[in-house]
Number of protein chains: 2
Amino acid sequence: MLSFVVPSLPENGAPKQEQCSLSCALLSIVCSALALWNTALMSSTHGARARARIEVTAAIKEEARRQLAKEGATKLSLRAVARELGMASSALYRYFPSRDDLLTALIIDSYESLGEAAEAARDAAADAGPVRRWTVLCEGVRTWALTHPHEYALIYGTPVPGYSAPETTVPAAARAVLVALGILRDAQAGPGLAPPSLPPELEPEAARMAADVAPDLPPEVVMTALAAWAQMFGLIGFELFGQFNRVVEDRDTFFRHVAGQLARTVGLVDSRQDATA
Amino acid sequence: MLSFVVPSLPENGAPKQEQCSLSCALLSIVCSALALWNTALMSSTHGARARARIEVTAAIKEEARRQLAKEGATKLSLRAVARELGMASSALYRYFPSRDDLLTALIIDSYESLGEAAEAARDAAADAGPVRRWTVLCEGVRTWALTHPHEYALIYGTPVPGYSAPETTVPAAARAVLVALGILRDAQAGPGLAPPSLPPELEPEAARMAADVAPDLPPEVVMTALAAWAQMFGLIGFELFGQFNRVVEDRDTFFRHVAGQLARTVGLVDSRQDATA
DNA sequence: TCGGTTTCGAGAGCAGTGCTCTCGTTCGTG
DNA sequence: CACGAACGAGAGCACTGCTCTCGAAACCGA
């Protein structure tokens, strides 16, 4: 399913591959059918069988998540999951049409987990000044990444099977960045925002983006915030994937400082609380 | 070999894994022996056999690089490489002790390729102002990433087998960032640098870093430049891995603007050439 | 020039993978 | 109660990384 959404990259022209991508398309249909089936059962709770189904599905995801956290996405094996659960590997395909679909489910879970961590960081510093709130949020994301390296790699590292995540991941992925936009919104309502300047050739793009994402915020702020968000993940990725080995040592304070700089870039202004904190 | 340098992440405690990591250690010794053997042959050119060896090694790497560019690191298969080269898969192990070692060779090649692109970008804008030179360098790196997505993913995405690259990749990895530091050095000698301010708790760290990397540059500049460098890769990674899909459309001008902002963050100052360009 | 040593390629084989197909069994419902 | 849908298990296919063995070829010293 994942490898089905790869329009821009060349595929090998072997006939076997064509057959695969065709069966992938069919599988994706089957997958959404299964998903609908699951949610339909969840809502109406048809019976014991339905409950068993969502229970087994949860058990599979749990065991898969354990293996993911232990050894990473590339080492995640359907057969090992089935073995650990004491069932035949073929039985697993009743719940997930392919390994990629299981991975997609884990991707969504990881996004949700990150979103939860971001929201917790937001709530932990709810009374602080804007710059500090932003910094705490960034530190929360970083801490989550350091404690869930394989999950982080799954969602922000190399896309494992193909090069584009399916549409279903989009809302989960948006959750964390929405927290950042919320902080900006609060700052606008309270201490104030100092919108950064933007070159004129970027203004239509910024307006389009802001209209899609946060119409109540100045377009320059939205665009700069998105850039800052991506830049933060550059820092985290470098630290997590070893690019800072033997280069940056005191990474906590380094990251905190850069996150604060990013906050000011976005337009957040220091308050008394930030200065004292 | 790669999976041998994973001290921080938990491994599964199965005995088979221990045996594997042990054999990995042995293999890494064999690998360095083979590497020394290769270079020794290259320098003294013992005979036709030695030449054939380096030729076959190059052919393997070439075919592997082709498969890497076509389908990505996870799909790279030793057997497929051997098949394409018309030799038995087992014969390939005479040249690379394991798949990871072949990947390591490709990683180094990718770093060198990126370094070349960075140097070309530097030379292409040798006469421009500091901000423009930095921006052109960033655009060069981005263009390389967009044209070599799988190579980029190999070196800046998720580390494929383990979580830390072997030491041999370090000099190759440094090549690109040294170009950035060179631009800063030129700016210091010519148009001038405006070193950014740093909180006092980061000054010792910055001093240590600068002493290691670029003793002739102000520590604040070195530290901020490294942060900016990492941030740039955050932008590139987001674009390349689909995080900007349906969010950022005009990515060229977006990236150019953010790269210019990063240049000013580092301490580079606009010149007349930058303003007109 | 000869014989021993090293290097090489090929084949078979092992353990593992994702995935498919078939075949009984069990469950829910008309 | 009976029928069909869902389920679990097993065998099997094609593929992977990797090891071992064996014969042939190349090298090198005597």
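Below, chain A is the first sequence line, B the second, and so on; all start at residue 1.
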Euclidean distance, atom CG of residue B:L78 to atom P of D:dC15 [Å, nearest integer]:
16 Å
Under 3.5 Å, is there an N or O donor on one side and an acceptor on the other linking the side chain of A:R49 and the base of C:dC27?
yes
Round to the nearest Å and state the distance from A:L85 atom CG to D:dC7 atom P.
15 Å
In whole Å, I'd like the distance from the CG atom of B:D101 to the C1' atom of D:dG17.
13 Å
Under 4.0 Å from OP1 or OP2 of C:dG16: is there any side-chain N or O of A:R79 that close?
no
Can you pull every protein N or O that's under 3.5 Å from an N or O on nucleotides 8-10 of chain D?
from, atom 1, to, atom 2, distance (Å)
D:dG8, OP1, A:Y95, OH, 3.0
D:dG8, OP2, A:Y95, OH, 3.0
D:dG8, N7, A:R94, NE, 3.3
D:dG8, N7, A:R94, NH2, 3.4
D:dG8, O6, A:R94, NH2, 2.5
D:dA9, OP2, A:A88, N, 2.9
D:dA9, N7, A:S90, OG, 3.1
D:dG10, N7, A:S90, OG, 3.3
D:dG10, O6, A:S90, OG, 2.7

Would you call B:E119 and B:R175 a salt bridge, using N to O less than 4.0 angstrom?
yes
Apply the test salt bridge (charged side-chain N to carboxylate O under 4.0 Å, His left out) to residues B:D212 and A:R246: give CA-CA distance (whole Å), side-chain angles for both, the deciding distance (0.1 Å), then the verdict.
CA-CA 9 Å; B:D212 272 8; A:R246 319 210 164 269; over 6 Å; no
Side chain to side chain, B:F244 and B:F255, heavy atoms closer than 4.5 Å
no
Is the A:F233-B:F238 ring centre distance short of 6.0 angstrom?
yes
Answer yes or no: is there a side-chain heavy-atom contact under 4.5 Å between A:L146 and A:Y152?
no
Measure CZ/A:R51 against P/D:dC7 and give the value in whole Å, please.
15 Å
Please report the distance, rounded to the nearest Å, between CZ in A:R99 and C1' in C:dC19.
13 Å
Rounded to the nearest Å, what distance is computed from the CD1 atom of residue A:I54 to the P atom of nucleotide D:dC7?
12 Å
Rounded distance (Å) that lies between atom P of C:dA10 and atom OH of B:Y93:
15 Å
Within the structure, does a side-chain N or O atom of B:R83 lie under 4.0 Å from either OP1 or OP2 of D:dT16?
yes
Whole-Å gap separating C1' (D:dC7) and CD (A:E55)
15 Å
Would one find a side-chain N or O of B:S77 under 4.0 angstrom from OP1 or OP2 of D:dG17?
yes
Find the distance between CE (B:M232) and CD (B:E139) and round it off to the nearest 0.5 Å.
11.0 Å
For A:E84, is there an ion pair with A:R66 - N to carboxylate O distance below 4.0 angstrom?
no
